[in-house]
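As the structure lists them, so they are numbered: ligands from 1, and atoms in each ligand from 1. Values below: all heavy atoms of this structure, side chains included; hydrogens, waters and symmetry mates excluded.
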Amino acid sequence: MAVITAESLSSTVGAEVIGVDVDRLLSDETLPAWTLEVLEAHGALVFRDLHIDDATQIAFSKKLGRVEVFGRGENPEIFRVTLDPAKNPVAEYLKGTFDWHIDGCTDDVPIVATILSAHAVAATGGETEFASTYAAFDDLPEEEQERCLSMRVVHSLEAAQRLGNDDPSPKELAIWRSRPAKEHPLVWTHASGRRSLVLGATASHIVGMDIDEGRAVLDDLLVRSTTPERVYQHHWNVGDMVIWDNRGVLHRACPYDAISARDMHRTTLHGDEVIR
Ligand code: OGA
Ligand code: MN
């Protein structure tokens, strides 16, 4: 069998996997462990031209870890990332994907990784962007790393939703606030020994600091973590599959039209590590 390789797509995040087709995705017993290792090293992996169906995506995802269940029916592990409410009843919330974020920051244990496969793409926009928060921490000056290591941050759904809707109705606000906020250290020290910044749309304020001052610190770190040269932007073609390591990578969707056909089928790998 041909050797599978991963070719870097930018200096800090992203690699394209070459040499995998659908057969190999399901039959190569060494592929899952290889994928997880390379994912940890590169943060995001791009597989082009796979055109997998839902059953194949679920089967491969299950080889990588525990897969979350969202719905009912034939393929309950599939969540559709689309702004079309006919395809996803909670489409409104997906506008939150337009801001840099880490999935599951208000959960006890954020998910390990997300897998998207493109079933339809936007005519314009709709790229997905990635930035490594491992690299963002590693590249901070040492004394700033020390300062960050002492800070704790409150994450909330409200903070994330406010970015797209700063005048919520009382009902919207009540729904947002029904999800409890969560406090995390600003720096996640992983079991692997690596460290990453925990930033993004859900980051509300820094514990024990004036709200505006804390916001300014968080905003500044986010801006510096996501400067264009630190970002890999994935331009989707139908049939692409992309996996990202949600523990050490920020991501966001570039704007696309609400009536666009864009339709990503998503599987989610359950978390295995609390932020600490
Ligand atoms: C997600 C997400 C980005 C995109 O599925 O968690 O943020 O480009 N998706 O659709
Ligand atoms: Mn997301």
**OP:** Test Q57 against T267 for side chain to side chain donor-acceptor pair (under 3.5 Å), laying out the working first.
**Re:** CA-CA 7 Å; Q57 182 169 344; T267 44; 3.1 Å; yes

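Shown in contact with V81 at under 4.0 Å from a heavy atom are these atoms of ligand 1, numbered in order with element: 5 (O), 10 (O). The contact set between ligand 1 and T97, taken as ligand atoms under 4.0 Å from a residue heavy atom, comprises 2 (C), 7 (O).
Each of T97, T114, D103 was evaluated against H251; a single residue qualifies, D103, per the side-chain hydrogen bond (donor to acceptor under 3.5 Å, both in side chains) test.
Side chain of R215 to main chain of S204: a donor-acceptor pair is present (N/O by atom type, distance under 3.5 Å, no hydrogens or angles). Judged purely by atom type and a 3.5 angstrom limit, R195 has no side-chain atom pairing as donor or acceptor with the backbone of F137. Between the R194 side chain and the G248 main chain, no donor and acceptor come within less than 3.5 Å of each other. Judged by distance alone, with hydrogens and angles left aside, the side-chain atoms of N75 form no donor-acceptor pair with the main-chain N or O of I78 at under 3.5 Å.
Taking distances strictly below 2.8 Å, the protein N/O/S atoms close to the Mn ion (ligand 2) are H101 NE2, D103 OD1, H251 NE2.
Ligand 1 has an N or O atom lying under 3.5 Å from an N or O atom of T128, backbone or side chain. Taking any N or O of H101, backbone or side chain, at least one lies under 3.5 Å from an N or O belonging to ligand 1. For ligand 1, one of its N or O atoms has an N or O atom of H251 under 3.5 Å away. When only interatomic distances are considered, the shortest N/O to N/O separation between E127 and ligand 1 does not fall below 3.5 Å.
Of the protein's non-hydrogen atoms, R262 NH1, 2.9 Å is the one closest to atom 10 (O) of ligand 1. Annotation: atom 6 (O) of ligand 1 to nearest protein heavy atom, R266 NH1, 2.5 Å. When only non-hydrogen protein atoms are considered, atom 3 (C) of ligand 1 lies nearest to A253 CB, 4.0 Å.
For the residue pair H190/S196, the side-chain donor-acceptor check at 3.5 Å is satisfied. Under the 3.5 Å distance criterion, with hydrogens and angles disregarded, a donor-acceptor pair is assigned to the side chains of H234 and D240.
Using a 4.5 Å heavy-atom cutoff, the side chains of D257 and T124 are not in contact.
Remark: D107 does not engage K182 in a salt bridge, criterion side-chain N to carboxylate O under 4.0 Å.
Compare T268, V242, L116 by their heavy atoms: the one nearest to atom 9 (N) of ligand 1 is in L116.
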